[in-house]
Peer 1: 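Below is a structure I'd like to ask you about.
Heavy-atom basis, side chains included; hydrogens, waters and symmetry copies ignored. Convention: sequence-line order gives letters A, B, ...; per-chain numbering from 1. Nothing here was measured: the structure is a model prediction, and the numbers come from that model.
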There are 2 protein chains.
Amino acid sequence: MNMSDMIGVLSAKGLKVTPQRLAVLGALVALPNHPTADSIKAYVNEQFPSLALGTVYNILDVFFEKGIVTKVKTDRDFVRYDIEVNGHHHLYCDECDYIENYFDEELDNLLQSYFQRKGIPNFNIRDINLQIVGSYINHNPPKNL
Amino acid sequence: MNMSDMIGVLSAKGLKVTPQRLAVLGALVALPNHPTADSIKAYVNEQFPSLALGTVYNILDVFFEKGIVTKVKTDRDFVRYDIEVNGHHHLYCDECDYIENYFDEELDNLLQSYFQRKGIPNFNIRDINLQIVGSYINHNPPKNL
DNA sequence: TGTTAAATAAGAATAATTCCTATTCGCATG
DNA sequence: CATGCGAATAGGAATTATTCTTATTTAACA
C-alpha cells in the first residue's frame, strides 16, 4: 500500500487526510503482529515525534468505526489492531505473543453449511470467529515478531 | 451444587475452605451470565458485606489456576468468569450483554476431523474456541439476564 | 489448643484507555 | 489565492479494571 493508496483509503471513507492518519495507516501496514496503540505510537514517533498517544487511540477508533481496522482482544489487558478487515480467524501462540491471521475459505464454507443445516435455536448468526490456540512447531513463528 | 459439593470442589484442589471462597463459588453457580468480578462482589456482599474486591480477584485467580473457572474476554474492558470449564463455545449477543455457553459435540468432532485432515502448517493445535456473534430472535435471551 | 503458612481487608498503585480543552489545520467556498 | 469553519490534534488530567502491599486474621494440622 503506497501513499496514494492510503490517501484513497481515507478519502473513500470521507475522512480528512492528515499526516497523523497517514502515519498511523502506514504503521498498521508496516507492523506485522497486530500492533497495540502503544507500539503504533512508538513506530510513528521515530519519524513523527509529536504524535500523541491520545491521538493514536482517536485515530484507531475512527478507523474502527469506518471499517478500516478490526480490534483483536487478547488474554492480556490491551487491544491489538489489525488492518485486515475481511473475515478471518486467529492463531494464538501459547508460548509467545504472536497472533496470526488465518484465512480458510473451505473452513468457512464448512461452518456455514453446518450451521445452515443445524442452526442455533432462537439465535441469528451474524459472524463466526475461531480462536485457534496452540504453539508453533519449533517455536518458530513467522518473521518480524 | 450444594454446600458439601462446594467444599468438595475446594478441598479436591488442595485449597483451604474459607467462607469467602465458598461465597464466591456460590455466586458463580448462582449468577447465570458470566459475571464480572464486580457483580460477584455485589452478589456476595448482600449476605457477606465484608468481602473486599481485591479478595474477589484473588479468589478468582486461584480458581482460574486450579481450573475451577475459565475467563471470558469481552469487547468491553473487563473479564467475565465462567464456572464451566469443559470445552465449549460462546454466543455473543450483538444487542445486549448476554454471553451464552454453546456446547456442540457434533461441531467439535467436525472441527477436529477437519483439522486432523487439513492441519495448519507449522502449528500444533491445542484448543479451538468459536465466538459466534449474532442476536437472539425477538431479542429474547435466556432468563436471568 | 497452639502453631504456622495461607488467606483476607483495605487501600494505594498501576496501566490501558478515555476525556477535556485550547490550539491547529485540512479543505471547501468565494 | 485568501478565508472561515468544523474537524483533528496535543497534552495532560481523569477514569477504571486490575494488581500490589502490608498488617491482620484464620483454617488446618499436629
Peer 1: Whole angstroms only, please: what is the CG-P distance between Leu53(A) and dT17(C)?
Peer 2: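 Rounding to the nearest Å, CG of Leu53(A) and P of dT17(C) are 9 Å apart.
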Peer 1: Considering only dA7(D), dA6(C), dT17(C), which nucleotide approaches the side chain of Lys16(B) most closely?
Peer 2: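 Closest nucleotide to the Lys16(B) side chain: dA6(C).
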Peer 1: Are Tyr136(B) and Glu100(B) close enough that a side-chain donor and a side-chain acceptor fall under 3.5 Å?
Peer 2: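 Side chains of Tyr136(B) and Glu100(B): pair found under 3.5 Å.
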Peer 1: Using a cut-off of 4.0 Å on non-hydrogen atoms, how would the nucleic acid contact of Thr36(A) be classed: base, sugar-phosphate, or nothing?
Peer 2: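 Since no nucleic acid heavy atom lies under 4.0 Å of Thr36(A), the category is nothing.
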Peer 1: Give one of base, sugar-phosphate or nothing for Val62(A), where a contact means two heavy atoms less than 4.0 Å apart.
Peer 2: nothing
Peer 1: Calculate the interatomic distance between Tyr57(B) atom OH and dA7(C) atom C1'; express it in whole Å.
Peer 2: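 Roughly 19 Å, once rounded to whole Å.
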Peer 1: Between Leu10(A) (CG) and dC27(C) (C1'), how many Å, whole number?
Peer 2: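 For the pair Leu10(A) CG and dC27(C) C1', the rounded distance is 14 Å.
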Peer 1: Quick one: pull up OH in Tyr102(B) and CD1 in Ile120(A) and give me the separation to the nearest 0.5 Å.
Peer 2: 4.5 Å
Peer 1: Both Val56(A) and Tyr81(B) contact DNA chain D. Which one's nearest nucleotide lies toward the 5' end?
Peer 2: Val56(A)
Peer 1: I need the NZ-P distance between Lys71(B) and dA17(D), as an integer number of Å.
Peer 2: 15 Å
Peer 1: Which residue, Leu51(A) or Arg80(B), contacts DNA chain D at a nucleotide closer to its 5' end, judged by nearest heavy atom?
Peer 2: Leu51(A)
Peer 1: Which pairs pass salt bridge (charged side-chain N to carboxylate O under 4.0 Å, His left out) with one or both residues in residues 36-64 of chain B, sequence neighbours excluded?
Peer 2: Asp61(B)-Lys71(B)
Peer 1: Taking the side chain of Ala52(B) as heavy atoms from C-beta outward, which of dA27(D), dA9(C), dT18(D) is closest to it?
Peer 2: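 When the side chain of Ala52(B) is considered, dA9(C) is the closest of dA27(D), dA9(C), dT18(D).
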Peer 1: Send over the distance from Asn58(B) CG to dT26(D) P, rounded to a whole Å.
Peer 2: 16 Å
Peer 1: Have a look at Pro19(B) and say if it touches a base, only the backbone sugar-phosphate, or nothing, with a 4.0 Å heavy-atom cut-off.
Peer 2: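 Result for Pro19(B) = sugar-phosphate.
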Peer 1: Roughly how many Å is it from CZ in Phe78(A) to P in dT18(D), rounded to a whole number?
Peer 2: 14 Å
Peer 1: Would you check if the side chain of Thr55(B) reaches a backbone N or O of Asn58(B) as a donor-acceptor pair within less than 3.5 Å?
Peer 2: no
Peer 1: Take the protein atom CG of Asp38(B) and the nucleotide atom P of dT19(D), then report the distance between them rounded to whole Å.
Peer 2: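 So the two atoms are 13 Å apart, to the nearest Å.
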Peer 1: How long is the line joining CG of Asp61(A) and P of dA16(C), in whole Å?
Peer 2: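 Those two atoms, CG and P, are 16 Å apart.
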Peer 1: Would you tell me if any nitrogen or oxygen in the side chain of Thr18(A) comes within less than 4.0 Å of OP1 or OP2 on dA7(D)?
Peer 2: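 For dA7(D), OP1/OP2 do not have a side-chain N/O of Thr18(A) under 4.0 Å.
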Peer 1: At less than 4.0 Å, is any side-chain N or O atom of Gln20(B) found next to OP1 or OP2 of dA9(C)? Yes or no.
Peer 2: yes
Peer 1: I'd like to know if Arg117(A) and Glu106(B) make a salt bridge, using a cut-off of under 4.0 Å between side-chain N and carboxylate O.
Peer 2: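 Salt bridge present between Arg117(A) and Glu106(B).
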Peer 1: Which part of the nucleic acid does Ile59(A) contact within heavy-atom distance under 4.0 Å: base, sugar-phosphate only, or nothing?
Peer 2: sugar-phosphate
